[in-house]
Each structure stands twice: as structure tokens, then as C-alpha cells.
Amino acid sequence: MIEVDRRTLLRAALAGSAVATLAACAKPVQDKTAAAGTGTSVDGSKPLEFFNFDGGYGKEWTTMPLDLYRKEFPKADVKLTSGQQLQQQLQPRFIQGNPPDLIENVGLDGATLAAQKQVMDLGPLLDLDAYDEPGKKVRDTLLPGVVEAGRYDGVKYEMPYVFGVGGIWYSKPLLDKHGWTYPKHWDEMLALCAEIKKTGIAPWTYQGKFPGYLTNPMLMTAYKAAGPDLKKKVDNLEPNAWRDPALIAAAEGYQELAAKGYLLEGSQALSHTQSQTYWAQGKAVFIPCGGWLENELGAIAPKDLGMTMVPVPGLSEADKAPFETVTGGPGGALIVPAKAKNPQGGMELLRIILSKQCMQNFTKVTKSLTVVKGATDGVELSSANKSMQAVIEAAGTNMFADWQFRLWYKKLLDNSDKAMAALMNREVTPDEWSKQMQRYADDTAKDPSIKKFHA
């Protein structure tokens, strides 16, 4: 998924040495218990630790799979640890050789972990029996694109668990009250912003402390103007990719939000929770975010908010990609560290998490879509969730995963955040922003220490 998003923003580099593969970790142990239907062995007496990112989805959803694991292995000491600073919390443990057995990765550099083989190949998991759907393998229960997601050099090191989509959020009752129509192109957006401002409401806010929240929609506006080739050039670090006129034009458009006073005052310094709270309180009309927004707001959101997600506006009528185009698909990343004390237990817990019952529970608890077929069956969906499903259905084949450079190149990602902050603070012109980003991309392309991937 993915999710698009802080989950990408917070990824951080992690040092470490190469480690053993799945086969090497599956050495015979004493007191083994066959995990039902897995075709592998789990030492039922070994402790198990699951590290949960306590962010937008919280940790309530983890109770069911952990209880199911405890039921399967009653002798196991099953532990849940949580946090939001994965680099600081887990980097020392990777270096010391005692990482958790399963990690909800929001903050570690997945590309580096994969390149250094610090995480398990999850490919074998796909061919295990589904936990609660007899006669099916895990791969048979997953939505399209999930099996292919989370691969580096063809090896599946990450398992998505949410099926997300990124876009712009607004309150439908608020727009209806004022008779405003959501625009499909940026000139129409700026015209609407001028109208909104007259009412005393801020047209936009965003998570200023995490500039990538706004980078993503800006890139999408440029994508719609230029077409798919732009993304391929940017992801492949091609010369002058960031100098594309569509990117400069999109940067000009988004900077106008700041230049014309269309941002909620102080947005550039707001955290994700602050900006989202102000938005839910009706102090701003639009905010960019992923599908976790409703759950992250929780009780802060008024019951009559009518949260609605829509695609990012394109640049103009001459766009090469349709308005309905969105970033989306399988998102999130569950990983099993290869040097964990109980990697087979981590794999089994992951198999349990991917069960239909656990994914249905995830949707109920987090109000978010998941990667398992039928996981919304019997679940009452909110207006926010229904709007996301509508966006996904309207996009059809015009939906693609996040820009890969954001996942592949940590330093380039960090620099893109800095450049976006400078753009929105009006410290650089859109053309200067473009030149900065091209220098950062060229530096990445020339650095022999950075493993390169290709779209």
C-alpha cells in the first residue's frame, strides 16, 4: 500500500551484515511442533516477539493474531512491543543479532535490508496452506498485485497487509453546504481556493513536519500532465528527469497554495496529528493523506464529518493521464528478520495475520482495506472507506504503486523532503527546486555504494 505516506517518509537506513537465508534458519531444533498446514516446523516452546508500529493503525488489531498464535503454541511466551521510532529502537538490535521475530516495518530501509539479506525470503510463505481457508494456499487468498509487491531483485522480502490508496480528503457536508465542486485540474483548484478563502476557512492544510505528504500529490499532478514515462525516468534516475516541464509546472502550482495564502496559517510547521485535527475541526477544506486518516483521527473526527477521498487534481485539460489515476494497491510491509531468534515463529504469525478472520478484524478495528479477498465481507464500512473503494474502482488500471525512488533510495527520499519544505516555505523557486532534485538524483546515480534498482 500502498500506503503512501508517512510509512515511506519515516524509512531510515540500517547498517548490518549479510545473514543466513530461510533454509539456513530452518535447522532442526528440539521440542518442535508442526504448525498446522504450514509444511514447516515451529519450536512451540520458543518465545515470540512481534514489533508493531503504533501509528495510524494502532495496535488493537494485533490482539487477535497474537491470541491465535498463543492458542496454537500455548508454551510460547508471546510478546508485543510497539513504537514509532524504528531506526532508534531496532537498529541496535539488528546489529547485535537479536531483532524481533516479526516487524511491522514503518521506518527501516527495506531496500537496504533486502540487499544485505537481513530479512527472510517470504516466497515460501505464499505456497503454505491458508490459515482458515481449507484447500487454498496463502497466495490464493490475496488480492491482485500482492504476490508481486515487496520484491527486490525478484525476491519477496516484504508482505503487504493493507490495500491502500492515496489522495485528497474533504468533508462532503462542508462542500455541499457551500455548493463547492471538487476540481479536476489545478487552475480550477486555485480558483476554488480563492472562493473558499472568502468564507474565512483555509482551503488547504498539510502535515508540514513531514513534507512528503505533499510531495506525493504534487508528483501525481505532474504524472497526470506528463504520463507514465515521467515516473519511469524519475525512478530510474535518468539524467534531467527532474527537469521535466510537468514537474516544474506542478511545483509552481503547489507553491501558489503558500504564495496566495491558501494554506492554514502555520501548516508548514504542523505535525501530522495537528494538521489532521485542524482539518477535522473544519479549519481547512482539503488535506492530503492515505487511507489510515479515519483511524488515526479516532474520536477527534465529528460523526457528521462525512470524510471523503478523491484523486489528486491534474494539471490541465491537456493531461496525458486521466483524473481518476491514483497511487494505490498493496501497502505496508511485514518483515521477518533472518537473525531473529524465532524466524519460523515469525513466519507462522504472519500466516495467521493473513487469515481472513484476522484481516476482517483489521478492517473493523482500523477502518482500512486489506490485501485478503473477502476481508470486507460482513463489515459495515464508513463513508470514508466507501469513498476509498469508489476511488479504487474508478481508477481501474490507472492505479500504480508509490514512486519507487521513495522506497529504493533513502538519501534521495530525505533530500526530496528537504526540497519540498524549501519549496513550500518559498525559500526556492520551482525551477530551483527542480535543479536541486536533479542534483540529488544525479548524486544517487553516481554513488557506487548505493545498490540500483530499475522500474
Side-chain angles (χ1 to χ4, degrees), residues 2-16 53 55 83-92 94 105-116 118 152 158 166 206-220 222 231 233-238 241-243 247 250-251 254-255 267-272 275 288-290 327 331-333 401-425 427-428 430 432-453 455:
I2 349 215
E3 314 230 304
V4 121
D5 51 28
R6 187 166 67 263
R7 288 153 182 75
T8 298
L9 299 177
L10 296 178
R11 287 176 181 259
L14 187 65
F53 176 72
Q84 295 186 351
Q85 304 297 324
L86 272 71
Q87 182 185 15
Q88 294 90 327
Q89 292 173 275
L90 298 184
Q91 180 173 356
F94 270 88
N105 184 18
V106 184
L108 302 177
D109 184 347
T112 297
L113 291 173
Q116 297 178 346
Q118 295 192 59
Y152 296 88
E158 300 174 345
Y206 76 106
Q207 306 81 345
K209 286 187 177 180
F210 303 99
Y213 271 94
L214 200 58
T215 304
N216 207 47
M218 187 179 75
L219 290 175
M220 177 56 82
K231 180 179 181 296
K233 292 176 182 177
V234 167
D235 287 340
N236 287 341
L237 305 176
E238 291 188 16
W242 286 93
R243 298 294 292 150
L247 281 167
Y254 280 74
Q255 192 180 62
S267 287
Q268 291 92 330
L270 296 179
S271 69
H272 59 290
S275 60
C289 199
T327 53
D402 195 14
W403 296 67
Q404 296 303 300
F405 81 89
R406 293 161 62 91
L407 302 175
W408 291 341
Y409 307 116
K410 175 64 172 60
K411 187 175 181 180
L412 181 55
L413 170 64
D414 288 345
N415 284 330
S416 74
D417 288 349
K418 295 175 184 176
M420 189 68 196
L423 179 71
M424 296 310 293
N425 285 324
E427 296 167 0
V428 296
E432 289 169 341
W433 166 85
S434 169
K435 290 177 180 177
Q436 279 187 354
M437 285 306 305
Q438 190 57 55
R439 286 198 298 272
Y440 294 144
D442 290 343
D443 289 344
T444 301
K446 295 174 184 176
D447 190 338
S449 70
I450 299 175
K451 181 176 176 60
K452 306 303 188 299
F453 299 94

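In what follows, every heavy atom counts, from backbone to side chain, and hydrogens, waters and symmetry copies are set aside.
- Taking NZ from Lys209 and OG from Ser271, the interatomic distance works out to 5.5 Å, rounded to the nearest 0.5 Å.
- At a threshold of 4.5 Å between non-hydrogen side-chain atoms, the residues Ser267 and Gln207 do not count as touching.
- Rounded to the nearest 0.5 angstrom, Cys289 SG and His272 NE2 are separated by 9.0 Å.
- In plain terms, the two heavy atoms of Leu270 and Tyr206 that are nearest each other are CB-O, 4.3 Å.
- When atom types are taken as modelled, the side chain of Asn236 and the backbone of Ala455 share a donor-acceptor pair closer than 3.5 angstrom.
- Between the side chain of Asn425 and the backbone N or O of Glu427 there is no donor-acceptor pair closer than 3.5 Å.
- Proximity of a side-chain donor or acceptor of Ser434 to a complementary backbone N or O of Pro430 within less than 3.5 Å is not detected.
- Between Lys435 and Arg243, the shortest heavy-atom distance links the atoms CG-NH1, 3.4 Å.
- Here Ser416 pairs with nothing under the side chain to side chain donor-acceptor pair (under 3.5 Å) rule; sequence neighbours left out.
- Looking only at side-chain heavy atoms (C-beta outward), Trp403 and Asn216 come within less than 4.5 Å of each other.
- Interatomic distance, Lys411 NZ to Asp109 CG, rounded to the nearest 0.5 Å: 13.5 Å.
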**Message:** Using the rule given for side chain to side chain contact (heavy atoms under 4.5 Å, CB included), can you reason through Met420 versus Leu214, listing the C-alpha separation, both sets of side-chain angles and the distance that settles it, and then say yes or no?
**Reply:** CA-CA 8 Å; Met420 189 68 196; Leu214 200 58; 3.8 Å; yes
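- In this structure, CG on Leu412 lies 11.5 Å from CG on Leu407, to the nearest 0.5 angstrom.
- Seen from the ring of Phe453, Lys451 counts as a face-on cation partner, given the 6.0 Å and 45° thresholds.
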**Prompt:** What's the verdict on side chain to side chain contact (heavy atoms under 4.5 Å, CB included) for Lys452 and Tyr409, showing C-alpha distance, side-chain angles and the deciding distance?
**Reply:** CA-CA 8 Å; Lys452 306 303 188 299; Tyr409 307 116; 4.0 Å; yes
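- When all heavy atoms are compared, the tightest approach of Arg406 to Gly212 is NH2-O, 3.8 Å.
- For the ring pair (Phe, Tyr, Trp, His ring centres under 6.0 Å) test, residues two or more places apart in sequence or in another chain that qualify with Trp433 are Trp242.
- Classification of Asp443 and Arg439 as a salt-bridged pair fails, no side-chain N sitting under 4.0 Å from a carboxylate O.
- Listed for the Gln88 side chain is no donor-acceptor partner under 3.5 Å among the backbone atoms of Leu86.
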**Request:** Evaluate the side chain to side chain contact (heavy atoms under 4.5 Å, CB included) criterion for residues Asp442 and Gln438: first the C-alpha distance (whole Å), next the side-chain angles of each, then the deciding distance (0.1 Å), finally the verdict.
**Result:** CA-CA 6 Å; Asp442 290 343; Gln438 190 57 55; 2.9 Å; yes
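- Between Asp414 atom CG and Tyr440 atom OH the span is 10.5 Å, to the nearest 0.5 Å.
- The main-chain N or O of Val234 is never found under 3.5 Å from a side-chain atom of Gln404 such that the two would form a donor-acceptor pair.
- Taking the salt bridge (charged side-chain N to carboxylate O under 4.0 Å, His left out) definition, one finds that Lys418 meets it with nothing, sequence neighbours left out.
- A donor-acceptor pair is defined here as one N or O able to donate and one able to accept, closer than 3.5 Å; such a pair exists between the side chain of Asp235 and the backbone of Phe405.
- When all heavy atoms are compared, the tightest approach of Met218 to Ala251 is SD-CA, 3.5 Å.
- Rounded to the nearest 0.5 Å, atoms CE (Met437) and CD (Glu432) are 14.5 Å apart.
- Remark: side-chain polar atoms of Tyr254 are not paired, donor with acceptor, to backbone N or O of Leu423 under 3.5 angstrom.
- Looking at Gln87, its side chain never comes within 3.5 Å of a backbone N or O of Gly107 through a donor-acceptor pair.
- Between the Gln268 side chain and the Met424 main chain, a donor and an acceptor come within less than 3.5 Å of each other.
- Put simply, the residue from Asn415, Leu237, Leu413 that forms a side-chain contact (heavy atoms from CB on, under 4.5 Å) with Thr444 is Leu237.
- Side-chain atoms of Gln436 never come within 3.5 Å of backbone atoms of Val428 as a donor-acceptor pair (strictly under, hydrogens ignored).
- Residue Gln118 comes nearest to Phe94 through the heavy atom pair OE1-CD2, 3.4 Å, listed as atom of the first residue, atom of the second, then distance.
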